[in-house]
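In this text, all values refer to a predicted model and were calculated from it rather than measured experimentally. Counting begins at 1 with the first residue of the sequence.
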Amino acid sequence: FVTIIYIGFTIKNSLENAKNAKLENAAAVTANADLQNLKAQGINPSYSISQYEAWSQSIAQAVGGCSTDTDTINAIFQQMANTADVLQLVAQFGIRNAQPCGFSTPISYMIYMFNDKAFGGSLPYLLTWGLSSSALKTVNGILSGKGITYQF
């Protein structure tokens, strides 16, 4: 009986994850389209794709776990020189998964143990999920201070 429940739970989560992934990937698709428009205007990303990939991995790790590493996140956004940089980061980030804290959110952590894709999303989603409103305001302040119009 427990096996049947587990299989049903796994199938249900797989279907929900596929639906959510499609919705969450919209942020990357939109960022790519906006990035192409900026490139047509001569505004290009400042860094290599591998740099955006490294930053994406760092942000996903910084958001997961029992404490959000806002210093790492802020340092990454300090590196953004223009809107094209932020759009490239959002596009490169795609959909990443974060691990919830087992101590402060044990139920979420148990769900994560059964389905490690349960807490995934786009960069905008994971930042709003993992950062407090004041920390998110700091990120947006860093961007607007540089004249970057993209906000999370």
Side-chain angles (χ1 to χ4, degrees), residues 10 12-105 107-109 111-152:
T10 304
K12 176 185 170 283
N13 279 340
S14 295
L15 293 173
E16 285 179 0
N17 287 340
K19 179 183 170 190
N20 290 339
K22 191 173 186 180
L23 291 173
E24 285 300 324
N25 198 40
V29 170
T30 301
N32 267 323
D34 292 345
L35 184 58
Q36 294 309 313
N37 289 335
L38 286 178
K39 285 180 178 180
Q41 299 170 30
I43 303 169
N44 294 298
S46 307
Y47 306 97
S48 68
I49 293 296
S50 62
Q51 181 61 65
Y52 294 103
E53 177 60 27
W55 283 331
S56 295
Q57 289 175 0
S58 293
I59 291 171
Q61 289 174 348
V63 170
C66 289
S67 64
T68 301
D69 184 356
T70 55
D71 291 340
T72 294
I73 294 168
N74 291 342
I76 290 168
F77 284 104
Q78 286 286 355
Q79 300 298 312
M80 302 295 108
N82 58 39
T83 302
D85 286 336
V86 178
L87 291 172
Q88 185 65 60
L89 182 61
V90 171
Q92 188 64 37
F93 194 90
I95 297 174
R96 307 275 171 143
N97 299 304
Q99 177 181 337
C101 180
F103 295 112
S104 63
T105 56
I107 294 172
S108 294
Y109 186 75
I111 292 169
Y112 172 81
M113 295 304 291
F114 284 108
N115 179 5
D116 65 348
K117 308 252 185 291
F119 296 93
S122 64
L123 180 58
Y125 174 80
L126 282 183
L127 288 179
T128 56
W129 175 77
L131 294 177
S132 67
S133 59
S134 64
L136 194 58
K137 187 175 181 179
T138 299
V139 168
N140 286 329
I142 290 168
L143 296 176
S144 63
K146 294 173 168 278
I148 296 171
T149 57
Y150 192 100
Q151 298 284 286
F152 294 98

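- In this structure, Q79 CD and L89 CG are separated by 11.5 Å, a value rounded to the nearest 0.5 Å.
- Across every non-hydrogen atom of A27 and V90, the tightest pair is O-CG1, 3.7 Å.
- Closest non-hydrogen pair, S48 versus S50, comes out as OG-OG, 2.9 Å.
- Judged purely by atom type and a 3.5 angstrom limit, Y52 has no side-chain atom pairing as donor or acceptor with the backbone of P45.
- The two residues I49 and Q92 make their nearest non-hydrogen contact at CG2-OE1, 3.4 Å.
- Rounding to the nearest 0.5 Å places CG of D85 at 9.0 Å from CG of L35.
- Here L136 contributes atom CG and Q151 contributes atom CD; the two are 8.5 Å apart, rounded to the nearest 0.5 Å.
- The side-chain heavy atoms of F152 and V86, taken from C-beta on, include a pair separated by under 4.5 Å.
- Remark: side-chain polar atoms of N44 are not paired, donor with acceptor, to backbone N or O of A84 under 3.5 angstrom.
- Counting only heavy atoms from C-beta outward, the side chains of F77 and T138 never approach each other to under 4.5 Å.
- You'll find the side chain of I59 reaches within 4.5 Å of the side chain of V63, heavy atoms only.
- Considering all non-hydrogen atoms of both residues, A98 and G64 come closest at CB-CA, 4.1 Å.
- When only modelled atom types and interatomic distance are considered, E53 and Q57 share a side-chain donor-acceptor pair under 3.5 Å.
- In this structure, the separation between CG on N140 and CD1 on I148 is 10.5 Å, given to the nearest 0.5 Å.
- In this structure the side chain of I73 never reaches within 4.5 angstrom of the side chain of D69, judged on heavy atoms.
- Under the 4.5 Å side-chain criterion, counting only non-hydrogen atoms from C-beta, M80 is not in contact with Y150.
- Panel note: side chain T68, backbone L131; no donor-acceptor pair is recorded below 3.5 Å.
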Practice item. Under the side-chain contact (heavy atoms from CB on, under 4.5 Å) rule, what do T72 and I76 come out as? Steps first, then yes or no, please. Key: CA-CA 6 Å; T72 294; I76 290 168; 4.0 Å; yes
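- N74 has its side chain within reach of I142: a pair of non-hydrogen atoms, C-beta onward, lies under 4.5 Å apart.
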